[in-house]
**Student:** 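Input: one structure, supplied below.
FYI, the numbering just counts along the sequence from 1.
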Amino acid sequence: MVGTGLYQIVANSFLDHLEPVLGIGPVAALLYVLIGYATGLYDLRAALAKKRRDSGRIFAQWTLVILLLTSLAFLMKSGAVYSRGSVICFSLLAPLLLVGCRRFAKRIVAGVVADGQVKGLRAVLLGTGEELAALGFEELLEKFGFTEVERVAFPTGRGGGFAMSAGEAATLEHAIGVARIRGAEAIVLAFPWSDTRKVELVRDGLRISPLPVRLLPDRRIRSLAGNPSFRLQNSLSVEIQRGPLSRAEQASKRLLDIVGALVGLVVFAPLMILSAIVVKLDSPGPVFFRQKRNGFNAKEFSIFKFRTMTVMEDGATVVQAKRFDPRVTRFGRLLRRSSIDEVPQLINVLMGDMSLVGPRPHALAHDSHYGRLLSDYAFRHHVKPGITGWAQVKGYRGETALVEQMKGRIDCDLWYINNWSLTLDLKILSLTCLELTSRRNAY
């Protein structure tokens, strides 16, 4: 509109017939934005690249937009409607304004980043002292999109062999613990790429964490990326471990959990009230049994169940319930066989500690015991624990007297994690209803 108006004022000294150009601006803007989005022009890291000049890219993309508009007008046989002078004025004016707007926007973005108002993914930075010292806070955000919550220095000793030293293992465990406590969304590695031993050992050690792990380019690679003769993207990094579920998948699973838990609590409310009354009258003690369990990323939470035993074990030693266990109360035996004792865990689902479907959480003592015996045991914590799971519908319920029984359960849990889908969750929920009628290994 401005370009056409300026041309008409200069050429004709008056404004006339502006209606035909009303649609050109939005179409041109849409084409320009789509091309810019595809080429990464609107990436935040590109906006933060202070030394990068975008004028050339803007003029190139705008030229492509004009060519597309010209082709579109030719195909639609509408070129005669538009004044050539107006089109030329529009074509020259727009890129100048785009360059000015781009510079202004970059100043605003740089200002809010400097004030700490823009943050990337929360990450724990783990690496050698030399690599950490060469990687600043701003560079980590601008080039890779991460905001560090803490950095952990890995031991500098070279070591040898195919296993970590005690100091390296302790540092790695500390980094995983820090990521869990600080609510990190990723673990970022800063190691020399030439030290393949450390990179491989750290990668294997971090498999127990559900967080995505990325290996940043070392100092030498970053120096090459800064050389104009090399065409490397600013976001160059290697993803060596992907998170088990994407954000969209987590959101959809959480939505199913909330809806299912609310419906379940409403439907089972009369049964829960009746069970609570009978539990209280059947034997002395509280209505609910609470016990510490490990959840997602091995974060502890208290699980709710109706009390079915005369004991309330929650320590270093927890004895699993056996068939005809004398500790089970009279009414508790009925609750356990029908799995009604698990219904209060719908509260855990609403609180976000558990999911409707997932690996069943075990007592902390059992996690510690089987974690030493089975190398894949910790992978169960890559997703939230569930009220039911693939292992339960496959018959792996009740006591695990043999390590082979627990291994079978772990194999089912890992298969579920690697093959998750909403359809699978709904299938497991349906199969759970059938499994409850069979009462296999429920005692």
Side-chain angles (χ1 to χ4, degrees), residues 172-173 176-177 179-180 185-187 200-214 239-250 252-254 256-257 293-301 303 320 342 345 348-349 352-432 435 440-441:
L172 192 60
E173 185 176 350
I176 295 174
R180 184 184 305 123
E185 300 171 281
I187 297 178
E200 291 176 357
L201 290 177
V202 170
R203 176 199 62 190
D204 294 341
L206 289 175
R207 291 180 65 196
I208 65 174
S209 172
L211 299 179
V213 180
R214 298 195 71 92
E239 185 177 55
I240 61 178
Q241 177 173 298
R242 179 187 180 275
L245 300 180
S246 66
R247 289 181 178 270
E249 291 171 336
Q250 292 177 25
S252 61
K253 185 173 175 63
R254 181 60 182 155
L256 175 63
D257 289 340
R293 303 285 175 96
N294 281 323
F296 174 73
N297 199 14
K299 184 178 180 180
E300 291 187 8
F301 71 97
I303 194 171
Q320 288 186 335
E342 311 283 359
Q345 290 166 37
N348 289 115
V349 174
D353 297 323
M354 294 181 64
S355 177
L356 292 176
V357 182
R360 283 293 299 161
H362 300 146
L364 300 184
H366 299 157
D367 278 349
S368 178
H369 173 69
Y370 289 109
R372 293 190 297 268
L373 298 178
L374 300 171
S375 59
D376 292 338
Y377 186 86
F379 293 134
R380 304 173 74 253
H381 303 311
H382 279 210
V383 296
K384 289 182 180 180
I387 298 178
T388 185
W390 187 245
Q392 282 63 49
V393 300
K394 288 296 182 179
Y396 290 99
R397 299 176 62 194
E399 184 186 11
T400 52
L402 302 175
V403 177
E404 289 76 13
Q405 292 174 313
M406 180 58 76
K407 187 179 185 307
R409 180 180 294 186
I410 300 306
D411 290 341
C412 289
D413 291 337
L414 296 184
W415 183 90
Y416 167 78
I417 294 172
N418 293 326
N419 296 274
W420 178 87
S421 67
L422 276 181
T423 304
L424 180 59
D425 273 6
L426 294 173
K427 177 181 178 180
I428 291 174
L429 289 173
S430 300
L431 292 175
T432 298
E435 184 66 23
R440 286 189 294 177
N441 301 324

**Student:** In Å and rounded to the nearest 0.5 Å, what is the CG to CG distance from D257 to N348?
**Tutor:**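 Here the rounded value is 11.5 Å.
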**Student:** About how many Å separate OH of Y396 and CG of D411, when rounded to the nearest 0.5 Å?
**Tutor:** 7.5 Å
**Student:** If I compare all heavy atoms of G205 with all of L172, which pair ends up nearest, and what's the gap?
**Tutor:** CA-CD2, 3.5 Å
**Student:** Closest approach of G358 and Q392, non-hydrogen atoms and distance?
**Tutor:** O-OE1, 4.5 Å
**Student:** Take I410 and Y370, measure what side chain to side chain contact (heavy atoms under 4.5 Å, CB included) needs, and give me the verdict at the end.
**Tutor:** CA-CA 10 Å; I410 300 306; Y370 289 109; over 6 Å; no
**Student:** On a heavy-atom basis, which atom in L256 and which in L356 lie closest, and how many Å separate them?
**Tutor:** O-CD1, 3.7 Å
**Student:** Evaluate the side-chain proximity of P210 to V383: yes if any heavy-atom separation is below 4.5 Å, no if none is.
**Tutor:**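 With C-beta onward as the side chain, the pair stays apart.
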**Student:** Find the distance between CG (L206) and CD1 (I187) and round it off to the nearest 0.5 Å.
**Tutor:** 5.0 Å
**Student:** Determine whether N294 and E300 satisfy the following criterion, side chain to side chain contact (heavy atoms under 4.5 Å, CB included), listing intermediate values before the conclusion.
**Tutor:** CA-CA 5 Å; N294 281 323; E300 291 187 8; 3.5 Å; yes
**Student:** Does G352 offer a backbone N or O that forms a donor-acceptor pair with the side chain of K384 under 3.5 Å?
**Tutor:** yes
**Student:** Do R409 and H362 have side-chain N/O donor and acceptor atoms under 3.5 Å apart?
**Tutor:**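 There is such a pair between these side chains.
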**Student:** Measure the spacing between CD of Q345 and OG of S355 and express it to the nearest 0.5 Å.
**Tutor:** 12.0 Å
**Student:** Begin with the C-alpha distance, continue with both residues' side-chain angles, and end with the deciding distance and a verdict on side chain to side chain contact (heavy atoms under 4.5 Å, CB included) for Y416 and I428.
**Tutor:** CA-CA 10 Å; Y416 167 78; I428 291 174; 3.7 Å; yes
**Student:** Filter on salt bridge (Lys or Arg N to Asp or Glu O under 4.0 Å), then keep only pairs touching residues 412-429, sequence neighbours left out; what's left?
**Tutor:**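 Counting only pairs at least two positions apart or across chains, the salt bridge (Lys or Arg N to Asp or Glu O under 4.0 Å) contacts touching residues 412-429 are K253-D425, R380-D413.
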**Student:** Is it true that a side-chain atom of H382 and a backbone atom of N297 form a donor plus acceptor pair closer than 3.5 Å?
**Tutor:** no
**Student:** Begin from the C-alpha positions of F379 and N418 and carry the test side chain to side chain contact (heavy atoms under 4.5 Å, CB included) through to its verdict.
**Tutor:** CA-CA 11 Å; F379 293 134; N418 293 326; over 6 Å; no
**Student:** Grab the two heavy atoms, one from W390 and one from C412, that are nearest each other, plus how far apart they are.
**Tutor:** CD1-O, 3.6 Å
**Student:** Tell me if a side-chain donor or acceptor on S368 pairs with a main-chain N or O of A365 at a distance below 3.5 Å.
**Tutor:**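 No, the answer is negative, given that no donor and acceptor are paired below the 3.5 Å cut-off.
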**Student:** Would you say E173 has more than 12 foreign heavy atoms packed within less than 6.0 Å of its CD?
**Tutor:**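 No - once you tally the heavy atoms of other residues, nucleotides and ligands closer than 6.0 Å, there are 12 at most.
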**Student:** Does CZ belonging to R203 count more than 12 external heavy atoms closer than 6.0 Å?
**Tutor:** yes
**Student:** Between CG of D367 and CZ of R372, what distance do you get to the nearest 0.5 Å?
**Tutor:** 11.0 Å
**Student:** R360 side chain to P385 main-chain N or O, any donor-acceptor pair under 3.5 Å?
**Tutor:**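 No.
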**Student:** If you compare all heavy atoms of L245 against all heavy atoms of W420, which two are closest, and at what distance to 0.1 Å?
**Tutor:** CD2-CE3, 3.6 Å
**Student:** Distance check, rounded to the nearest 0.5 Å: D353 atom CG versus R293 atom CZ?
**Tutor:**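 Between atom CG of D353 and atom CZ of R293 there are 12.5 Å.
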**Student:** Which pair of non-hydrogen atoms, one from E249 and one from P244, has the smallest distance, and what is that distance?
**Tutor:**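 Minimum heavy-atom separation between E249 and P244: OE1-O, 4.2 Å.
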